[in-house]
Amino acid sequence: QVQLVESGGGLVQAGGSLELSCAASVNTFSTYAMGWFRQATGKEREFVAGITGNTWNGVNTYYADSVKGRFTISRDNAKNTVYLQMNSLRPEDTAVYYCAKSADSLGGSYFYKYDSWGQGTQVTVSS
């Protein structure tokens with residue numbers, strides 16, 4: 001059974017930074033795409049960032065337009081961990097952030113592409 005454990009959430013002022021981590025207990029971690037989603041109170045869960053597994057053309061990253069240029073997703077396959085570096089945070093980034101493992105190496109921005117989810121970590125950005 002796959003377990004994903006997020007950490008690194010908290011309270012930060014607008015303009016500040018946070019780094020989220022997600023430790024995965026899964027074999028062949030490097031082969032799976034990983035993603036970050038978020039859900040604000042009263043809103044639907046939305047895609048934030050994704051990173052592919054090892055594919056024929058290497059590892060690629062992709063982002064929601066709302067975070068492009070501010071957030072960076074990365075992975076350390078030796079540690080079975082995926083990260084989300086969040087800079088220039090805004091109050092509208094406030095949400096519970098979820099780590100997810102894709103069922104394949106490509107992933108995507110749709111949550112149905114992911115078969116395992118973490119419990120979530122709260123990020124609150126004050127104005």
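When reading the values below, keep in mind they use all heavy atoms of this one structure, side chains included, and skip hydrogens, waters and symmetry mates. Residues take their numbers from the sequence shown, with the count starting at 1.
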#### Entry: All side chain to side chain contact (heavy atoms under 4.5 Å, CB included) counterparts of Lys43, not counting sequence neighbours
Ala40

### Query
Using links of under 4.5 Å between side-chain heavy atoms of ILVMFWY residues, direct or through other members, which residues join Val5 in one cluster?
none

### Task
Report yes if the side chains of Phe111 and Glu46 come closer than 4.5 Å at any heavy-atom pair, otherwise no.
no

### Task
Look at the side-chain heavy atoms of Ile, Leu, Val, Met, Phe, Trp and Tyr, link any pair under 4.5 Å apart, and say whether Phe71 and Val96 land in one connected group.
no

### side chain to side chain contact (heavy atoms under 4.5 Å, CB included) partners for Gln39, two or more places apart
Arg45, Tyr98

### Task
Using a 4.5 Å cut-off on heavy atoms from C-beta on, say whether the side chain of Asn77 contacts that of Asn54.
yes

### Message
I'd like to know whether CD of Gln122 has more than 12 heavy-atom contacts from other residues, nucleotides or ligands below 6.0 angstrom.
### Response
yes

### Query
Given a cutoff of under 4.5 Å between side-chain heavy atoms of I, L, V, M, F, W and Y, with clusters grown through shared members, what are the other residues clustered with Tyr112?
Tyr110

### Qualifying disulfide bond (SG atoms under 2.5 Å apart) pairs with a residue from residues 55-102, counting only residues at least two apart or across chains
Cys22-Cys99

### Query
What's the spacing between Leu84 CG and Thr121 OG1 if we round to 0.5 Å?
11.0 Å

#### Entry: Donor-acceptor contact present, side-chain Ser116 to main-chain Lys101, <3.5 Å
no

### Verify same cluster id: Tyr114, Leu4 (apolar side-chain graph, 4.5 Å)
no

### Message
Any non-hydrogen side-chain atom of Tyr97 less than 4.5 Å from a side-chain atom of Met86?
### Response
yes

### Query
Is any side-chain heavy atom of Thr94 closer than 4.5 Å to a side-chain heavy atom of Arg38?
no

### Any donor-acceptor N/O pair, Asn80 side chain to Ala24 backbone, under 3.5 Å
yes

### Message
Using the side-chain hydrogen bond (donor to acceptor under 3.5 Å, both in side chains) criterion, which residues pair with Ser102? Sequence neighbours excluded.
### Response
Asp104

### Query
Under the side-chain hydrogen bond (donor to acceptor under 3.5 Å, both in side chains) test, which residues partner Arg70, sequence neighbours left out?
Asp93

### Query
So which pairs with a foot in residues 11-37 pass side-chain hydrogen bond (donor to acceptor under 3.5 Å, both in side chains), sequence neighbours left out?
Ser17-Asn87

### Task
Report yes if the side chains of Val82 and Ile73 come closer than 4.5 Å at any heavy-atom pair, otherwise no.
yes

### Query
So which pairs with a foot in residues 25-78 pass disulfide bond (SG atoms under 2.5 Å apart), sequence neighbours left out?
none

### Query
Are side-chain heavy atoms of Phe29 and Lys79 found at a separation under 4.5 Å?
no

### Task
Could you pull out the closest heavy-atom pair between Ser109 and Phe37, with the gap in Å?
O-CE2, 3.8 Å

### Message
For Tyr62, give me all partners under ring-ring contact (aromatic ring centres under 6.0 Å, His included), at least two apart in sequence or on another chain.
### Response
Phe47

### Message
In the structure I gave you, are the side-chain heavy atoms of Asn60 and Ile51 within less than 4.5 Å of one another anywhere?
### Response
no

### Task
Please lay out, stage by stage, how Thr61 and Tyr63 fare under the test side-chain contact (heavy atoms from CB on, under 4.5 Å).
CA-CA 7 Å; Thr61 59; Tyr63 300 90; 3.7 Å; yes

#### Entry: Side chain proximity check, Leu20 to Glu6, heavy atoms < 4.5 angstrom
no

### Query
side chain to side chain contact (heavy atoms under 4.5 Å, CB included) with Ser74: which residues, sequence neighbours excluded?
Tyr83

### Query
What are the two closest non-hydrogen atoms of Ala14 and Ser127, and how far apart are they?
CB-CA, 4.3 Å

### Query
Counting N and O atoms only, with roles assigned by atom type, does the side chain of Arg75 sit under 3.5 Å from a partner on the main chain of Thr52, one being a donor and the other an acceptor?
yes

### For Ala103, all residues meeting side chain to side chain contact (heavy atoms under 4.5 Å, CB included), sequence neighbours excluded
Asp115

